[in-house]
Student: 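For reference, the structure I am asking about is given below.
All figures in this text were calculated on a predicted structure; none of them were measured in a lab. Below, chains carry the letters A, B, ... as their sequence lines are ordered, and counting in each starts from 1.
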Number of protein chains: 2
Amino acid sequence: MNGVPRKSAPKQSDVARLAGVSQSAVSRVISGDVDAGRIPPETRQRVLDAVKELGYVPNAAARNLRNKRNRLLGVHTFEAVFPHARDDFYFEFLLGIEERAEEIGYDLVLFTSTGASDGRRRIYRDGTNRLNLADGSVLLGVATDREELARLWHDGYLFVHIGRREVAGAEIPCIVPDYESAAARIVESLAARGHRRLAYLREGIEQESYDDRRTGYRRAVERLGLVDRSPGFGGEPWLSEAWLDELAGGPETAVVAESIRLAEGLRAGLAARGLSIPADMSVAVLEGSGDEPGHRWDCLVIPRKEIGRIAIDALVARVENPDRPPVSELVECDLVAGETIAGPRETR
Amino acid sequence: MNGVPRKSAPKQSDVARLAGVSQSAVSRVISGDVDAGRIPPETRQRVLDAVKELGYVPNAAARNLRNKRNRLLGVHTFEAVFPHARDDFYFEFLLGIEERAEEIGYDLVLFTSTGASDGRRRIYRDGTNRLNLADGSVLLGVATDREELARLWHDGYLFVHIGRREVAGAEIPCIVPDYESAAARIVESLAARGHRRLAYLREGIEQESYDDRRTGYRRAVERLGLVDRSPGFGGEPWLSEAWLDELAGGPETAVVAESIRLAEGLRAGLAARGLSIPADMSVAVLEGSGDEPGHRWDCLVIPRKEIGRIAIDALVARVENPDRPPVSELVECDLVAGETIAGPRETR
DNA sequence: TTGAAAGCGCTACCAA
DNA sequence: TTGGTAGCGCTTTCAA
C-alpha cells in the first residue's frame, strides 16, 4: 500500500463511452470547435459531465502530433540560466519573457537537457534537435553558437534571437537594443554640453552589439564634426598606461566607454593621475540597466525586460502565422543621466 | 521572397526511402536500440548518411505519444518565478533544479500559462491540467493551493513539493528542510554556551515549516530543562513594546527568532532600551541562506540549491520507476556562526 | 447532428 | 537481419 492512485489517464474514448457518444463528438466538444459540426447543448453537456467525472485531460503529445502546435515556447540559453540570472544579464530578459508568456497563455520550456560537459549548451546533439518540442524558441546567450544558429535557420526552425547575430547565408531574426542610435544620442548630448574632443574606450570583444555601438559613435562624431584621436576610436581595445598619461595631459574633455568595467578602469587611472570625474573629464557609458550599484554613470539603459516581452510577441506572431516573414526588431534604449557628465573643463 | 526555407521536416519514411531500407530499420538505427534487431554496420551507415543528408531530426511529439515519456519535467510555482527569483526565495531552488536537470538530461517546463488575472497560478483551469505535459513536476511556492495539491494527488499525477505541505487524505511527497533538527541544534548550542533562560520570537504565519521550527525548539527546550516564559513560546506572534520592556529587565539571556525580520525588529527594540546584541542578549535565527547582506546572524542555512537538486532526483526516480512509492525527504540544514551569540551576560 | 475512419511520426512486435 | 504492421490519443474529413 503506497497510497497512490495509479489510474492511467482517461482518454477521449473513455469519455465517449461514458457519455454514450462517439469519440469524435468528444473531440469536437473538447477542442471547442464552435463552427464545425455544431453539437447540441444537451449532448455537449453529457460530454462535459463525463469529462468532469473522469477527470479527463487532453494528451498534449497527441495533440501536438496532430496540430503541430503546443502553446509551448522554448527558451534556449547557450549557458546555464540561473547561475548568471542574478547578475542581470539573463535576468531581466527572462522576466519579460515569463511575464509576456503568462499573459498570452503560453508555457515555457527551458532547454537544459542540451548541456554538454563543458558547460556550453548545444542544440543539436546526436542529431536530435530538442527544440522541436516547442512551437518556437527564444534564443539568447553571450556565447551563441553561430553554426547551430545557421543550422537551425536552414532547418526552417522558428525562433528569434535576443541580441543581434549575423550568420552568413542566413537572416537571423533578432530582437536588438538600438545601440547605434543610443550611442549617437550620447555623443549628441556630449556635444550639446560643449565637448568637442572625445576619446573612445573600446572592449576587446568583436560582437555585433559592439559593432553597433561603434558605428553609432563614429557616425555621430563625424556628423557633428567632433574630434577623436584615441586608440579606441582607431580600433585598439582597452586602456594602456601610456594612453592614460596622454589623455591626462591632452585636450580631450570627455570619454565614451563601451562598458562599465572600462569606465571603472578609467576612473582609477585618472584618479591615479590626480584627475576626477566629471570635474576633469566627463564619462558616458554605452551599457547599463539603470540600477547598477556603485557609481551612477551617465549611460544608456538596455530595456531588457521589454526586449524579452517583444521577443515573445515576435515569436508568437510567427508561430500563429507561419507565413509571416521573420523580421528583426530594434528596441530603443533610454539614456539615463548619472553623475559623470559635466561641461568641459577649461583647457589646461 | 522572405528568405526562409520552409521545408517541412523530413521523417523516418523519407530517410528510409533515401537509404533504401524500411522505416522500421531507420527507427532502430535512430533510437540506437542496441539489442533489438541488430543492424549490420553497412545498413546502419546508409541510414546514418541519409539522416545527415536530409537533416532528419526525430519528432518529439510522436516519440512522446509512443513512449509516454518526454524527458520533460514541469516546474510549477504558485506565483510568477522571476519577479521573486532575485530575493533568493525561488532562486536557489531553481539553481539546483536547473543544474540537476541539466546533468541528467531533462528539460524543464515552466508552467506560466496557468496564470490567473490575480497573479496567482492555478493548475486546473477549465478542466485542463497543463502539468500533464511533463513527465512529472516540481511544485513550489509560498502560497501553495491546498485544494489543487489534493486534486493533483488524487489524479495520480507525479510530483514532488518543495517545502512540507499537509493535506488531509493525501500524502504529498515533499522535500523539506529539517527545521526541527536545526532548531533543536540551535537550542543545544545556546545551552552549551550557558544560556538557561530563553525567549522565542514567533512569526504570525501558520505553516508547516514554522510548525517544524516550533516543535524542534519546544522539544529541545524541554529536553534540556531550559526555561522559556515568552509569549512567542506560548503561541503569541510578533513582539510588543510591553514584552520588550519585560525582556530588557528580565532574566532571559538569549532569544531565538523565527525570521530575520523579527530579529531585526528585536535588535531595534533592544537598542532603543540601551541593550546590544550579543553583549546583552544573544540572538539566533531560524532562517537564512548564509549570505544575507547586513548583520551576520547566527542562524540556520536552508540548503536551497541542494533541495532543488534532491527534488529533481526524487521526481525522476519516480518518473523512471512509477511503481516506486512517493516519499518525502528531510534535508539537513547547516548552522552558521554569526556575530549574534555570546555567553550569557551576568545577571543584572 | 453524428459516427467511422484516416492518418500525424514514431516504436515495437511478429513474421519472414 | 529485415520489413510489415498495429497502434499511441487526437483532429478532421467524409458519409450517413
Student: To the nearest angstrom, how far is A:R44 atom CZ from C:dT2 atom C1'?
Tutor: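 In whole Å, C:dT2 C1' lies 16 Å from A:R44 CZ.
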Student: Is the shortest distance from a Lys or Arg side-chain nitrogen in B:R100 or B:E103 to a carboxylate oxygen in the other one below 4.0 Å?
Tutor: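 Answer for the salt bridge query: yes.
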Student: With a 4.0 Å cutoff (strictly under), does any side-chain N or O of A:K68 reach OP1 or OP2 of C:dG9?
Tutor: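 Yes, because at least one side-chain N or O of A:K68 sits under 4.0 Å from OP1 or OP2 of C:dG9.
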Student: Using a cut-off of less than 4.0 Å, is there contact between a side-chain N or O of B:Q23 and OP1 or OP2 of D:dT2?
Tutor: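 No.
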Student: Pick the closest DNA chain D nucleotide for B:L65 and for A:A25 by heavy atoms, then say which residue is nearer the 5' end.
Tutor: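 Closest to the 5' end, via its nearest nucleotide, is B:L65.
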Student: Would you indicate which nucleotide in D:dG9, D:dT2, D:dT5 comes nearest to any side-chain atom of A:K11?
Tutor: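 So the nucleotide nearest the side chain must be D:dG9.
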Student: Run the salt-bridge test on A:R146 and A:E166 with the 4.0 Å N-O cut-off and return the result as yes or no.
Tutor: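 A salt bridge is absent here (no side-chain N lies under 4.0 Å from a carboxylate O).
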Student: Tell me if the side-chain of B:S22 makes a donor-acceptor pair with the base of D:dG4, cut-off 3.5 Å, by modelled atom types.
Tutor: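 Not at all, since no donor on one side and acceptor on the other fall under 3.5 Å apart.
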Student: Would you say B:T43 reaches D:dT2's phosphate, i.e. side-chain N/O to OP1/OP2 under 4.0 Å?
Tutor: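 It does, given that an N or O in the side chain of B:T43 lies less than 4.0 Å from OP1 or OP2 of D:dT2.
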Student: Would you tell me if any nitrogen or oxygen in the side chain of B:R63 comes within less than 4.0 Å of OP1 or OP2 on C:dT11?
Tutor: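 For B:R63, the contact criterion (side-chain N or O under 4.0 Å from OP1 or OP2 of C:dT11) is met.
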Student: For the pair made of CD in B:Q12 and C1' in D:dG3, what is the distance, rounded to whole Å?
Tutor: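 Checked: the CD to C1' distance equals 14 Å.
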Student: More than 12 foreign heavy atoms under 6.0 Å from CD of A:E147: is that the case here?
Tutor: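 Not buried by this count: 12 neighbours or fewer within 6.0 Å.
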Student: Please state how far atom CZ in B:R28 lies from atom P in C:dC13, giving the value in whole angstrom units.
Tutor: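 Rounding to the nearest Å, CZ of B:R28 and P of C:dC13 are 11 Å apart.
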Student: Can you tell me which nucleotide in D:dG9, D:dT11, D:dT2 comes closest to the side chain of A:N67?
Tutor: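 Of the options given, the side chain of A:N67 lies nearest D:dT11.
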Student: Within this structure, what is the CD1-to-C1' distance between B:I30 and C:dC10, rounded to whole angstrom?
Tutor: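 Between C1' of C:dC10 and CD1 of B:I30: 11 Å.
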Student: Measure from the side chain of B:A62, starting at C-beta and using heavy atoms only, and say which of C:dG9, D:dC10, D:dT2 lies closest.
Tutor: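 Nucleotide nearest to B:A62's side chain: C:dG9.
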Student: Quick one: which of C:dT2, C:dT11, D:dG4 gets closest to the side chain of B:R66?
Tutor: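 The listed nucleotide nearest to B:R66's side chain is C:dT11.
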Student: Rounded to the nearest Å, what distance is computed from the CG atom of residue A:N64 to the P atom of nucleotide D:dC8?
Tutor: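 Atom CG in A:N64 sits about 18 Å away from atom P in D:dC8.
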Student: Relative to the 5' end of DNA chain C, which residue comes earlier, B:S24 or B:A61, by the nucleotide with the nearest heavy atom?
Tutor: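 Residue closer to the 5' terminus by nearest nucleotide: B:A61.
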Student: Just the rounded figure in Å: distance from P of D:dG9 to CZ of A:R69.
Tutor: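 Between P of D:dG9 and CZ of A:R69: 24 Å.
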Student: Taking 4.0 angstrom as the limit, do A:R46 and A:D49 come out as a salt bridge?
Tutor: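 A salt bridge is absent here (no side-chain N lies under 4.0 Å from a carboxylate O).
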Student: How are the rings of A:F159 and A:Y157 set to each other: parallel, tilted or perpendicular (split at 30° and 60°)?
Tutor: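 Plane angle under 30°, so parallel.
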